[in-house]
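Okay, structure first, notes after.
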Amino acid sequence: MRMYAAGQWIDAEKKIDVLSPYDGTVVDSVPCADLGDVENAMESAVRGARTMAALPGYDRYRILRAAADLIEARSEEFARTITLEEGKSLTESRFEVSRAVQTMTLSAEEAKRLHGETIPFDGAPGAAGKFGFTLRVPCGVVVAISPFNFPLNLVCHKVGPALAAGNAVVIKPATDTPLSALKLTEVLLDAGLPADGIACLTGLGAEIGDALCRDRRVRKITFTGSRDVGERICHMAGIKKVTMELGGNSPVIIMPDADLDKVALAVAATGYSNAGQVCISTQRVLTSEKIYGDFLDALKPKVAVLTTGNPLDERTKVGPMIREKEAIRVEEWVDEAVAGGAQVVTGGVRHGAIYAPTVVAEVSPDMRIFRDELFGPVVAVTRFDSIDEAISLANDTIYGLAAGIFTENLEWAMRFAHEVEAGNLMINWGPQWRADLMPYGGLKESGFGKEGPRYAALEMTELKLVCFHLAR
Ligand code: NAP
């Protein structure tokens, strides 16, 4: 495919091959954007920002609504594209497409809802006779940088709210998975988006990222990706608005009163989706000493049946990781834990880019599979004695994206809600759960700012204050 900037689909001499994570075959190729392309896209986006700001909310609603319908009409094509470039199973890709339709629909609705409020100036001393209100205005040019793991829906979570709020957007999709974002751009243009309202530059973050993030014409950066790249972007951004949706190593706490069959089902469902490459994937399973053995017995068969293989095969539950080197990294981390005294309960084998769904028990908090973000199809099980210890283990991390607890005890559930430092807290489910309308985002080094169209649209605006100084 070609990339899109300044109202045109453009090519470049230098190309990037998009490879199937499953068998390494070339799925397509895209241009490798350079700094000239960034400048071209920026000049156009500045014009686009003026056009978008002048577009009535109802027109922005209609464009986004039409885009949602077009994605739905092309849903099987989008699903196959996601599977081909990202490697998740077709079932998971179809689900991602249905979520993208939701995200764009929710964004369309926000285009009609952005508003300010009146300010009660007469409540301030000496301010009688003043009348004021706030106005929400678009930021202007928004740069949207997205990761590989949800190549459609996470782009929609940025582009939908940005356009709803009347901005122009420059998308920089992950180099591994640019095709879904390019197709989304196509859909938005078909839906009637002004030509300068969007650009989608395919190119290496390491080459064009700095230029995109430093540019003073950009008023807002919305980034989803790893902690380290996020930190670099924060340093580069200077004085502009930034949203950071970063990584995690999400814990789930299993209290002694939990229904173990339900827990095992939930851990198997929330630890291995997209081969564990989900930012809120269940990674650390903190299990009460009292039910530790019974829980492992319940979990093992539910994980062992997760079939791996070609993601285009309808029977496959868990596909490959994005690259073989990532599967090798996961293998190394598991081996390192085992060398330190941990035990593989099931899995623990690798074939190329496929790492078998794995449970590792007797994991201690000093091990890398506990401390860092694993981002692979492995859950690490650790014992605890009391709710105090469970909460302290859950919080023993730089991250704070999502967490879960299984218990029927209200006191424990409320302590979890108050004391666990995470943005999304699930009671009686694993951390990996999201409805696209909810406010979503992390605490601590998992980032700041919220996604979910209602919340993201607010973050894509600036607030102005207007005050009339009336003669009483
Ligand atoms: P990544 O390596 O950080 O890349 C994310 C994006 O940043 C890509 O588009 C990448 O481009 C770009 N990039 C790289 N270097 C850059 C630079 N110097 N300046 C500007 N952009 C740059 O992350 P990933 O491996 O694609 O995704 C996995 C990570 O995303 C995990 O940590 C996961 O937890 C996180 N994630 C978080 C959420 C959330 O909502 N909190 C959701 C999904 C994923 P290239 O591809 O060209 O390098």
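One-based numbering, in listed order, for ligands and for the atoms of each.
- Each of the following atoms of ligand 1 lies closer than 4.0 Å to a heavy atom of Pro173: 9 (O).
- Screening Leu188, Leu189, Val187 against Thr185 for a side chain to side chain contact (heavy atoms under 4.5 Å, CB included) leaves a single residue, Leu189.
- More than 12 non-hydrogen atoms from other residues, nucleotides or ligands lie less than 6.0 angstrom from CZ of Phe448.
- Backbone and side-chain nitrogen or oxygen atoms of Ser146 are examined, and one is located within less than 3.5 angstrom of a nitrogen or oxygen of ligand 1.
- At least one side-chain heavy atom of Glu86 sits less than 4.5 Å from a side-chain heavy atom of Asn149.
- At a threshold of 4.0 Å, the pair Arg99-Glu96 does not count as salt-bridged, since none of the basic side-chain nitrogens sits closer than that to a carboxylate oxygen.
- Here atom 3 (O) of ligand 1 lies nearest to Ser226 when heavy atoms of Ser226, Gly225, Ala174 are compared.
- Remark: ligand 1 atoms within the under-4.0 Å shell around heavy atoms of Phe375 are 28 (C), 31 (C), 33 (C), 34 (O).
- The distance from ligand 1 to the heavy atoms of Leu154 drops below 4.0 Å at these ligand atoms: 42 (C), 43 (C).
- Numbered from 1 in the order shown, with element, the atoms of ligand 1 that lie under 4.0 Å from a heavy atom of Asn149 read 43 (C), 44 (C).
- Remark: among candidates Pro151, Pro147, Ala33, the nearest residue to atom 27 (O) of ligand 1 is Pro147, based on non-hydrogen atoms.
- Looking at Val278 against ligand 1, nothing comes within 4.0 Å, counting heavy atoms.
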Which atom pairs, donor and acceptor, lie under 3.5 Å between side-chain atoms of residues 449-457 and protein residues at least two apart or in another chain?
from   : atom 1 : to     : atom 2 : distance (Å)
Lys450 : NZ     : Gly441 : O      : 3.3
Glu451 : OE2    : Lys158 : NZ     : 2.7

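- Salt-bridge check for Glu332 with Lys325: failed, with every basic side-chain N at 4.0 Å or more from each acidic carboxylate O.
- Annotation for ligand 1: atoms under 4.0 Å from non-hydrogen atoms of Gly203 are 47 (O).
- Taking any N or O of Arg227, backbone or side chain, none lies under 3.5 Å from an N or O belonging to ligand 1.
- At least one side-chain heavy atom of Leu299 sits less than 4.5 Å from a side-chain heavy atom of Val379.
- Taking atom 42 (C) of ligand 1 as the reference point, the nearest protein heavy-atom neighbour is Cys279 SG, 3.0 Å.
- Protein heavy atoms are found inside the 4.0 Å sphere centred on atom 46 (O) of ligand 1.
- Not a single N or O atom of Arg434, backbone or side chain, sits closer than 3.5 Å to an N or O atom of ligand 1.
- Contacts between Asp228 and ligand 1 below 4.0 angstrom, taking non-hydrogen atoms only, are absent altogether.
- Here Thr175 has heavy atoms under 4.0 Å from ligand 1 in both its backbone and its side chain.
- When the shell of 6.0 Å around CD of Glu331 is examined, it contains more than 12 heavy atoms from other residues, nucleotides or ligands.
- The pair Arg383-Glu362 meets the salt-bridge criterion, since a charged nitrogen lies less than 4.0 angstrom from a carboxylate oxygen.
- Contacts between Glu451 and ligand 1, counted as non-hydrogen atom pairs separated by less than 4.0 Å, are absent for every part of the residue.
- In this view, Tyr4 and Trp9 satisfy the ring pair (Phe, Tyr, Trp, His ring centres under 6.0 Å) rule, not counting sequence neighbours.
- Contact atoms of ligand 1 toward Phe148: 24 (P), 25 (O), 26 (O), 27 (O) (distance under 4.0 Å to a heavy atom of the residue).
- Residue Gly209 has at least one heavy-atom neighbour below 4.0 Å for each of these atoms of ligand 1: 19 (N), 20 (C).
- Of all atoms in ligand 1, numbered sequentially from 1 with element shown, those under 4.0 Å from a heavy atom of Ile233 are 20 (C), 21 (N).
- Ligand 1 has an N or O atom lying under 3.5 Å from an N or O atom of Gly205, backbone or side chain.
- In this structure, the protein non-hydrogen atom closest to atom 32 (O) of ligand 1 is Glu373 OE1, 2.7 Å.
- Among all protein heavy atoms, the one lying closest to atom 40 (O) of ligand 1 is Tyr440 CE2, 3.1 Å.
- Under 4.0 angstrom from ligand 1, there are no non-hydrogen atoms of Ile280.
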